[in-house]
Structure formats: structure tokens, C-alpha cells
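Shown next, in C-alpha cells, is the structure this report addresses.
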Protein chains: 2
Amino acid sequence: MTDLDSDSDLPERKRGSGARMVYDLLRDEIIDLKLAPGSPIDEVQLAERFKMSRTPIREALVRLAGEGLIETLPNRSTMVSNIDFLNLHTFFDALVLMYRVTTRLAAQYHRPEDLVVIRRFHEDYAAAVKAHDALAMIATNAAFHSAIAEAGRNPYFTSLFRRILDEGRRILRLYYRSYEEQFPQRFVEEHAELIAVIAARDVEGADRLARAHAEQIVRQIQTLFSRQERLDMAL
Amino acid sequence: MTDLDSDSDLPERKRGSGARMVYDLLRDEIIDLKLAPGSPIDEVQLAERFKMSRTPIREALVRLAGEGLIETLPNRSTMVSNIDFLNLHTFFDALVLMYRVTTRLAAQYHRPEDLVVIRRFHEDYAAAVKAHDALAMIATNAAFHSAIAEAGRNPYFTSLFRRILDEGRRILRLYYRSYEEQFPQRFVEEHAELIAVIAARDVEGADRLARAHAEQIVRQIQTLFSRQERLDMAL
DNA sequence: TGTCGATTTCTTGTCGACAAATAAAATACA
DNA sequence: TGTATTTTATTTGTCGACAAGAAATCGACA
């Protein structure tokens, strides 16, 4: 009752940082499904929670809406965006293509220091698999591929890819209980192979591997999804 | 001197429409280079011009910044984004790929009513060419390809593609005086061919044509660009 | 009891004002 | 005359308050 959901105790706040902070935090909570799709978002409530006025809150919400993470009904309410299960195939199309093109460009344009970063996230992911920490797998996998995209140095692609990876994290979280069993060591090995072809600047190989890897993930999600559907029908 | 740049006389304004209106108008002015890259953007000035408070102005600016059309230095100023000539190749890469994938998907997923819209923009473009109206060519060409992307029904791709088309419009405006000579009837014919393969649901043909079309445009821009460079060197 | 209309409530959209941060201008000093 | 420092000016970031719009509630009436 006292101080229940106050993200507490950051009374020190620099001038321009309010909106940024709210944006980052809300984004994380949405992607981690701490805020469920469809949850209402109340400006005054957030203002109280973060102990600031509605203005910087509003700015954060406008940015989140721009990225499609929340939806706002004019004059009425704003809520966390729902996941569009009916059009999942558009998500899959975009996912596969962006996996391919970012990996390809990474093979072409990466610099040595990029590999250091990529390898670090690779190790993080491997550690998460070893620890059977599904939630950490989701996060580090996204970070790994985001780093590869970064090495490709095409801001148009990286920005879209990030958005897709974010949405992918939301979808995977839905099933995270199920895929400790399914998210195998195999992905770790595939990541290692990806690093190898990138380092070798093998563009075609990068494309081929990235495609196979992406389609693997798509199948994984589809399996989880259809299993869930059968579960729903049983009710 | 009196009432020089007031976009005048819309005292009637509905409640939620302020930010939207400013956003649309600024976006147009940026894309049409009425606001040159690097131009400072002053919130109070805009507030006076549109006769509203800074709050809705600010919302519009936040959205524009989210799309990369303006850049804002914390606590200091905000200005129209510059065109990154040094990394034009990333723009070209994204342009070609998005031309291909959106046209491809249009061939796959379009519905009959989509073709009506596409053909209408095609005619608009043809009319602009006939009229030697370079500015109208730029706008209608973008609208044409945007409509094709819409028919592909993948919001991830359409949103990125729109952003790229907007940037392309800015770049083309720089040279619009030069390409009345160069923007030939040929593009009209290529557009007609694109419509044909889409209508025939010929996916591979759509890919091939879109690619050729896009690379044509890229070469066009590169020609204009290098010509301009030689001109600069002559100074 | 059910339906339609008025009223209340709740949330957002807009406003004007103030404070902080930074750049520009002015001043002091060598 | 040139440089360092203080002062001013300008622009943004934040705040609290108020009003409009839409849903929910309540009440009248059949």
C-alpha cells in the first residue's frame, strides 16, 4: 500500500532527461510484456509515478506511438499496441529480409572493432542458453543481431530492423516458458557460423546463413503459435 | 510586409487537429525544400504563425524528429535535417531493395481496387511529364510507388519505403531544374510495364523490373550529383 | 423492466508562464 | 589590441491549470 509501484527515488533529474527516461522505461516494459498488449496507459498516473508533469510524459508517448509501440485513440485513451496475430506473415517476411540484408551488409562493411561487440553479445547469448534463462536469451539474441546490423552501417535498415526485433521480443515473451526446450544449443552454433562468414567477408555465405537462421526462427515461432492455438481450442 | 508568411485564416480548428496540421505542413515544406536543410526551426515563431501555443507545435516536432526529418540539439536549437551526401550509397541500397520488395509484394497480394489507385497516380505522373513540370513529376512519382507499396500490404516495408521516398524527393528537388531534360518519357513506359507485371501477378518479373527501374533512378541521381560536383570544383 | 436522454466523470488537448541551459554580447583586464 | 570573464538574451524544457470530448452513470418515462 505504501509506495507500491514507484520506481523509486531518483529525485535528481537533469533538465532534458525526463522524456528520454520515461521513453526508455516504458519501451522496456512494453517489450518485456510487463505492460500487456492492450493495457491502458494513463498520463496522470505516469506523471505521478515519475514525479514529473504530464508534458515530458506526453513527449515520450508521442515517440512511442511513432514507433508503433502504443496506440492512441483521439481524445480518448492510449494503450499498448496489440500484437497482430492475423498478419504475422508480414512480420515474418520483414524479419527474414532484414536478417538477410543486415547480415549481408555486415559482411561487406564491418570493421574489426564491430566483431568485438558482436562476439561479446554472442557470448552473452551462449551464457543465457547455458543457464536456461529464456528471458535472457530473448534479449541477448536481439542484441546480437542488432549489433550485426550496426556493423552494416545502413541507418535505414538498422532502424527498421530494431523495430522488428522489438516486436519479435514481444512475441517470443508470450511463449518463453515453452522454448527452453526448443531454443537449443543449435542457435548458438548458428550464431558462431554467422560470425565466421561475416569475419571472412563472405557476402553470399552471410546471406545464405542468415536466411536459414531466420527461417528457422520463423518456424520456431509458428510451431509455438500453432501449439498455443490447439491449446486455445481445447478450452 | 503585412501578413507576409501567415498561412492564413484558418481560425476554425478542431480539438485534436493542431499537432497533426502543423506536422503535415512542416513535413511538406521540408520535403519540398521550402525549408532548406539546416534551416533553424523556432517554436515560438511557429506558434505565432499557426496561432496556437507551443505545446502542439512541440508534438509535431517530436514526430518529425522521430522520422529523421529534423534534428534537435538538446537545450539549444532544432533544425531541418541535412542531406547526408557522404553516405548516399546507404540511401541507394535501401531505395533499390525497397523498390524491389514492395513491387514484389504488390504483385503477390494486390487486390483489384489497388490497381485503380495505382493507375490514377500513373496518369498523374504521365501528365506531369507531358507538362514538363519537374516538381509535379517528383511528387507523383513518389505517390505512384507509395501506392504500389500499399498494395503489398506490409506495414513494416511501407513505412520504411515512405521514409526513403521522402528523402528521395528532397534530393531530387535539389536538381529539379536539370532533369526536365533527363527525366524522360522512358520512366512513364517503365511505370506502365510495372503495372502490367503487377496485374499479371508475375512476382519474379516485378522484382526484375523494379530493380532495373530503381537502378535507373539511382544512376540518374548519381549523374546529376557528379555533374553538380564538377560544377562546385569549378568555383 | 427497458430504453432514451441528460448529467457526471474521466482523460486528453491546449494554454500561458516560469526556470534552466546555452550562445552571444558586453565588459574588464593585460 | 587581444583575451578572459561577466552579463544579457534567446530558446528550450517543465509545470500547473483549464476546457473540450467521449464514455459511463444516472434518471425519467413508457
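Predicted model, so just to flag it, every value in this text is computed and none were measured. Hydrogens, waters and symmetry mates play no part in the numbers below; they use all other heavy atoms, side chains included.
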*asked:* Starting the side chain at C-beta, find the nucleotide from C/dT11, C/dT22, C/dC15 nearest to B/T55.
replied: C/dC15

*Nearest to the side chain of A/S53 - D/dT12, D/dG16, C/dT12?*
D/dG16

_Under-4.0 Å salt bridge between B/D24 and B/R20_ = yes

*Give the rounded distance in Å between these two atoms: CG of A/L61 and P of C/dT12.*
8 Å

_Stacked cation flag B/R153 on B/Y109, 6.0 angstrom / 45 deg_ = no

*Of the nucleotides C/dG16, D/dT14, C/dT12, which one has an atom closest to the side chain of A/V44?*
C/dT12

*For B/E43, report the nucleic acid contact type (base, sugar-phosphate, nothing); a contact means any heavy atom under 4.0 Å.*
sugar-phosphate

_Whole-Å gap separating P (C/dT12) and CD1 (A/I41)_ = 10 Å

*Would you say the side chain of B/R76 and the base of D/dT12 hold a donor-acceptor pair, judged only by whether the two atoms sit under 3.5 Å apart?*
no

*Fit a plane to each ring of A/Y99 and A/F161, take the angle between them on a 0 to 90° scale, and name the class: parallel (under 30°), tilted (30 to 60°) or perpendicular (over 60°).*
perpendicular

_Nearest listed nucleotide, side chain of B/P56, among C/dC15, D/dG21, C/dA21_ = C/dC15

_For A/A19 versus A/A60, what's the shortest heavy-atom pair and its separation?_
O-CB, 3.7 Å

*Is a donor-acceptor contact shorter than 3.5 angstrom present between the side chain of B/R15 and the base of C/dT12?*
yes

*Contact class for A/T78 (heavy atom, under 4.0 Å): base, sugar-phosphate, or nothing?*
sugar-phosphate

